[in-house]
Number of protein chains: 6
Amino acid sequence: MPDFDLPLDGLRERHADDTTPADFDAFWQDGIEAARALGGKPTAEPVDTGLTTITTHDVTFPGYGGEPVRAWLHLPRHTDGPLPVVVRYIGYGGGRGLPYEDVLWASAGSAYFVMDTRGQGSDWGLGDTADPHGSGPAYPGFATRGIGDPEEYYYRRVTIDAVRAVDAVAALATEFVEADTSRISVVGTSQGGGLALAVAGLHPAVRAAMIDVPFLCDFPRAVHIAQRGPYTELAAYMRMHRDSVSRVRRTLAYFDGVAHAQRATAPALFSVALMDDICPPSTVFAAYNVYGGAKEIKEYEFNNHEGGGSFHAGVQLRWLSELRQGLETDC
Amino acid sequence: MPDFDLPLDGLRERHADDTTPADFDAFWQDGIEAARALGGKPTAEPVDTGLTTITTHDVTFPGYGGEPVRAWLHLPRHTDGPLPVVVRYIGYGGGRGLPYEDVLWASAGSAYFVMDTRGQGSDWGLGDTADPHGSGPAYPGFATRGIGDPEEYYYRRVTIDAVRAVDAVAALATEFVEADTSRISVVGTSQGGGLALAVAGLHPAVRAAMIDVPFLCDFPRAVHIAQRGPYTELAAYMRMHRDSVSRVRRTLAYFDGVAHAQRATAPALFSVALMDDICPPSTVFAAYNVYGGAKEIKEYEFNNHEGGGSFHAGVQLRWLSELRQGLETDC
Amino acid sequence: MPDFDLPLDGLRERHADDTTPADFDAFWQDGIEAARALGGKPTAEPVDTGLTTITTHDVTFPGYGGEPVRAWLHLPRHTDGPLPVVVRYIGYGGGRGLPYEDVLWASAGSAYFVMDTRGQGSDWGLGDTADPHGSGPAYPGFATRGIGDPEEYYYRRVTIDAVRAVDAVAALATEFVEADTSRISVVGTSQGGGLALAVAGLHPAVRAAMIDVPFLCDFPRAVHIAQRGPYTELAAYMRMHRDSVSRVRRTLAYFDGVAHAQRATAPALFSVALMDDICPPSTVFAAYNVYGGAKEIKEYEFNNHEGGGSFHAGVQLRWLSELRQGLETDC
Amino acid sequence: MPDFDLPLDGLRERHADDTTPADFDAFWQDGIEAARALGGKPTAEPVDTGLTTITTHDVTFPGYGGEPVRAWLHLPRHTDGPLPVVVRYIGYGGGRGLPYEDVLWASAGSAYFVMDTRGQGSDWGLGDTADPHGSGPAYPGFATRGIGDPEEYYYRRVTIDAVRAVDAVAALATEFVEADTSRISVVGTSQGGGLALAVAGLHPAVRAAMIDVPFLCDFPRAVHIAQRGPYTELAAYMRMHRDSVSRVRRTLAYFDGVAHAQRATAPALFSVALMDDICPPSTVFAAYNVYGGAKEIKEYEFNNHEGGGSFHAGVQLRWLSELRQGLETDC
Amino acid sequence: MPDFDLPLDGLRERHADDTTPADFDAFWQDGIEAARALGGKPTAEPVDTGLTTITTHDVTFPGYGGEPVRAWLHLPRHTDGPLPVVVRYIGYGGGRGLPYEDVLWASAGSAYFVMDTRGQGSDWGLGDTADPHGSGPAYPGFATRGIGDPEEYYYRRVTIDAVRAVDAVAALATEFVEADTSRISVVGTSQGGGLALAVAGLHPAVRAAMIDVPFLCDFPRAVHIAQRGPYTELAAYMRMHRDSVSRVRRTLAYFDGVAHAQRATAPALFSVALMDDICPPSTVFAAYNVYGGAKEIKEYEFNNHEGGGSFHAGVQLRWLSELRQGLETDC
Amino acid sequence: MPDFDLPLDGLRERHADDTTPADFDAFWQDGIEAARALGGKPTAEPVDTGLTTITTHDVTFPGYGGEPVRAWLHLPRHTDGPLPVVVRYIGYGGGRGLPYEDVLWASAGSAYFVMDTRGQGSDWGLGDTADPHGSGPAYPGFATRGIGDPEEYYYRRVTIDAVRAVDAVAALATEFVEADTSRISVVGTSQGGGLALAVAGLHPAVRAAMIDVPFLCDFPRAVHIAQRGPYTELAAYMRMHRDSVSRVRRTLAYFDGVAHAQRATAPALFSVALMDDICPPSTVFAAYNVYGGAKEIKEYEFNNHEGGGSFHAGVQLRWLSELRQGLETDC
């Protein structure tokens, strides 16, 4: 995929028009509070993964509507001192996977919480969480389920799950290990990056955000230039529902990472791929450029949506380590 | 798409292994009776379509779970004598469409009832009916929603809607026009053909079935040879859920058109396309060859899933006209 | 297909360079008069379509060179008062189809005349009309047959057929029904839209034109940006006939809808699809922006060449109805 | 393209059902004689190609209907003794090309006559010959023009051109060079191979035939298994013209290389590519296995339609050289 | 990718013709001994990966020709008792990757040695090892480098590297950890599976082999049916080098996993994907069915070359754990 | 492929940033002198090609590192007076081919020397020359072999071969024919065009250069916009080797045709294809616009990488003929 988006200068200066609804904050706070009000507690069952350096629990926590959401909690078997915490959100189509499949941040010495994504997890990574909500007519996939109403939109449920995951890890980690649940990092790629960004804007316990090639950003532009992936589901829906375009736009405005970014304050490390035709770079910069906290972005000049891949995982390991050392120094 | 399935002789003799569960009939009768027990009545609002030869009503009838399902009821404006009735089911991804979009059988002198498909109708034909049921992890699309349990499977709801559509048209048509609701024909293509076949097996009021390139037939073979379309969603799901293969097969056995075909008794006109890589011809013959009523099949030698297209509509117009004349003669 | 053409502002302001040859009007008037001078009369045989609300005749009328061109004439069986007339031209690759396939405007109360396209009708809609003219070396398809000379170009014959169709319907409709042949509308999509536009510019009896995603517009730009479809046949021909580029351009200048548009005066409803890679939106706006009559354009933001599809048919039903009411009021 | 046709044993033993019409020979002799009866003489104008080892004439000869067909006649500038003659027919979509483009057999010491193909020559090789015949509705391309009637079928005209090319070279070559026009070889690839095979069956002056991956063989099978190329035009036509299938088959039976092969007597060198999805190997063997003269076939195991390519040209140079030496020895 | 290979029964019974050269064993023993004779010792530098549960060394060991080959040696930081050893070989196009990228078997309590693949590692996983050998004309990729001569073939070098990796780990592991280097397992997917199979046949220290969707098996069939991937490089080479087919076959016979399989004796767990169009299932069964040791195969019915993926990693964790327990019991 | 690069004005004015390293000239002169210093003489064996107008020798000459490089030397059998000399370089993936495959310039009266490309010649044209040099990790293909270091880069070897080819033909031609080796033309397409351009800049004996759709020009832009072909290998390598981007750029700067062009002085005829997505037109103009000698460029408006094809060969035949006449006149 050669270049197809703005030139590099244009990318770096990209600012989207502000489409944030006036009641954006109320919309989210009401939703989160409603979920919290339903109560419920996370549960955790030990799992024999076959790994010996990591212990793993199969977690069920109350998400949107108090509905059960699954996660893995991975802990290094041998620790010294309280563990920092990392919460991961998963990319589109995948789920939390198998319990021995990704233990990276636990191997690096964190309590590592991998949230499943409701309804997904049948394409490239296994999921175990149902989405017990129907939908009006929708384009195949998840991105247009409930699109006619912000209250009913699929990503409202998923985002509230993601906020509640932070609540859950705070409640849970210290049961099994000495964990510093006041210092939680969120991380995610693509859809997971969009969720990490939203949670950075919505949950005050987040102290660091690692946001890779995020989805759910700058919808007005994304639906016109993305060439593959979930943004094209939105375009396909509007292709068919020709008289629902403004209604779809209104719904999406509540879910735009550009709005979440303005509200976030935790230090953030973004990554962007300059040849990404799923989450085009201009849409990532649109969020990055208004991000409210300390921030860095790593550009991958020749990458499509794979972005920095494992290479960037190394950048993140170093960044988070330095950030934590800085934080400790600050204290 | 050149030939890829069995040679012609093999197609014409194709018999699938019988995978019908012992409680197949109970499964369906219980489901249908439960829906009927919920009561509810169809309603119909007149629509100004801009057409002058046809009058159209926007119908809402109680389907599975008593949930509202939409349909169009098209009637010729000028009639003499009681009208026969034709019920159409729609292909995968589409909905009932716009009210002036397909009035073929009304233009040909029938009361024509076009059922919407719940949840669908955002890809190639507009839909207006919600499917208010969630799902466990599913592959994008509709074919794997609830696949883990026959009671929860998406096509249970849709099939019961389709049976209840026949109930609805019987209740409704005579409100607006003199209609002979004891002589109902069902027609459909692809998914619509699979539903027409199921209803022919499940509803005694069906007196003729026109079943084109049907989906939902001979799943055990279809998931191995279909090259595009909803059967491949099933294969994709089992690709990911490697330990759910036998469970998926168990669910699908309740929905196989091969079982419905054995139970049907109304005269049927099938069509099959010999180069169809979405609903492969061997899977169509597997149902046709065990169909329980008088039957004919029209083979389209050089067609893919478009099958007989508009050409076959002409074949159907003649077939149904002759069948009706024969029925009258018989009486 | 994401955006690939000019930004929306650029589209709406798009003006093509004027390449109209000085003898453009003489070229067409001479051609049309020569065809008329050959005389001949349309004939119409009744057809049993199986439809009961519509009566249909199989028409043969003298087109270019007096050669027989086929059409369907559909009439509502029950009428009150003189019928308005609608003439449809068909998209590239298709023909007039089967007689029960499209009776929309007859169902809506018009005399509906569907012209076959000579030589075409073997790809997606059946045709019955020969093009008894050979060609020099041509690229597979119709768009380069006779391209070396405006007099010999395939679209000269087809356009004159289209003009003569209006002559034919005027002569014919009143034989079967009370029709107002002084008020004829033309309608068409893609190639059919290009022909409707040409006829709007060439035939004074046209009182309304409905022109959807038209082909045959702004050739100089279209051959450089269209990504699929008949424009690419022209590019392919020039790719091979590297020394014929200016000659091809000279021929095409006589067939450019931009020139026809300037000459048209009837009220027109255009549609354009902003993601159309077959008839790119800038080429449609190039014609629309210079159209000589009262005009409206409906933009379909997320559509490729399917444009407004059936949705737009509803827009047209309302537009034409209102236009006719306005016309009656005016009278 | 991996293997898709019969296994090797099946290929080598492949025999097609005989579909040759009873009047096959009369059909062709009548057509050829009618063309000859129209008289006309080839003309040849010298061309400055820029080459110094070869002299070239631009030939026009009377083909089907006496219509002008173009060709190149290439002669080695320096000769000793009478030259053998090679006639080439061109593959589908191409024409005779530019005059310096292919002079292979002249460089190898023959009078080399390259026949243009009427109407073609705008895709991959330039053509200069018109096909001044119209057609009923046809699928884009040449393979279905006039398909409804053997007398009108495009390949009747082209085949008669090809026979008349041999007449022309016999009349012409000795004007410019001492040539042995009693010993003419024909050569061609794909469509050109099909024509060389037909001419080998139809023209007694042919003394050697080099037939590479021929098209126009075993139509009944080819239309079902070819995956690309002109056979698929035939399948596409029958896909649309569902009620013309037997008529198309009837026409094609007059043009099947399997019938020509049985009538040929000149020594022949065939080539076949075992992964050829345009002219599948089974269709080539169907002709080869019934070829009436001395014969050899060279199998290219890993090639698609490119077949033996330039490598096989070397095989042909040696084969023809040895054949000529044998012939001389025989004399 | 639907089914394209033999039916399931045929797969399970598949036996390839034996093409093993008479000097197969000498060829390999000579090559391995020559490499060992060059001496050299592995070196290992500690790497800071950012992981805390695993310690990693960057290894350089002498491979073919004594040339430096890179590897990672991962060890669990906390151990009790001697560690078993697992050696991984990498799939085509990849390299050993980044040091924190795959530590699975170390996390599961083994000394885990990940061998780089010379020359590769620029497509989907980073490599660091040069292949300091040129080649005659080759098709892009690695599979035809040196194909003209078994002694020069690329996979001779890689296979000897793989044997020497086992030598290296035996020499090295005990430097850093108590390891049981008499009980080494090999594991690999695709190319890595082919190498694991070869090493199981060539190195007596191998006590368990986990071989997933292996490449390098049953070349005579594979080059005819594989639809993507490195087997098609071989087909492409023979497509061009039409006169080298038998020479290529002769070379490949020295590298066929079918021959290695017959010589192996360690218990093996294979996996095969029944819709695998890169390493077709029949070629995997051809090796499996003649494998010389205790064996099991796990079939993935709906998978293409991704095979069992992470799911199968779990199967392997259990299988190896049980095997080791059985081995201990045996002792 | 429709337009995708700059508009025509932008193309014609395109200037790339100058990235030429300070030691560019030294780099090349040192390399060439080192090769010459190794000595060695070309050898030539007569070949029986089957052609009678051309005599051919199979040449082996010392290239980079004194390593044997193959070529064909074709001479017209009959000559009068000293022959001019043309040297051809081959496009990516091909080799010198079979000896009777391309003798164009010999047929046109030149001594024609066709250089093989080391390591290539297994994709579309046969090669016979090995590249006896290994490589670090490389992307499949040739364009990234040795990319980490200008001294080791594959194209250093090939370019020096190309310079030494001119040395060889000067030494060799007069052995067989009276040749004017002081007036050598170079010609090539794509990779061959890039090499012809480099040699025009590096070898003073070059008196005319015919450079078609050249590769190896304006790397910084090409790797961002090329959509197919060898430039995308470079992008793919940098996609994976994310931390080697600047190192790759540094290497490529020594091989950029933009730098060679500035140093060339011989008259040149370029060709460029405006829809070329392999060697985009802007990258060709970047070299053309700074070319140091008399120059012309022929634009092919509707062509992709096939460019002017055989048509342009005719342009070259005339251009070179006129140039030679002009040169003679000058003398």
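Worth saying up front: this structure is predicted, and the values here are computed from it rather than measured. First the proteins, then the strands, lettered A, B, ... as listed; each starts at 1.
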#### Entry: A:Leu51 portion near chain E, given a 4.5 angstrom heavy-atom threshold
both
### Contact residues of residues 70-82 of chain E (partner chain A; heavy-atom separation under 4.5 angstrom)
E:Pro76, E:His78
### Query
Which salt bridge (charged side-chain N to carboxylate O under 4.0 Å, His left out) pairs, counting each pair once, include a residue from residues 308-319 of chain E, with sequence neighbours left out?
none
### Task
Considering only heavy atoms, give the residues of residues 92-111 of chain E separated from chain A by less than 4.5 Å, sorted numerically, with 'none' for an empty result.
E:Leu98, E:Tyr100, E:Glu101, E:Leu104, E:Ala106, E:Ser107, E:Ala108, E:Gly109
### Summary
For residues 298-306 of chain A against chain E, heavy atoms under 4.5 Å, the residues are none
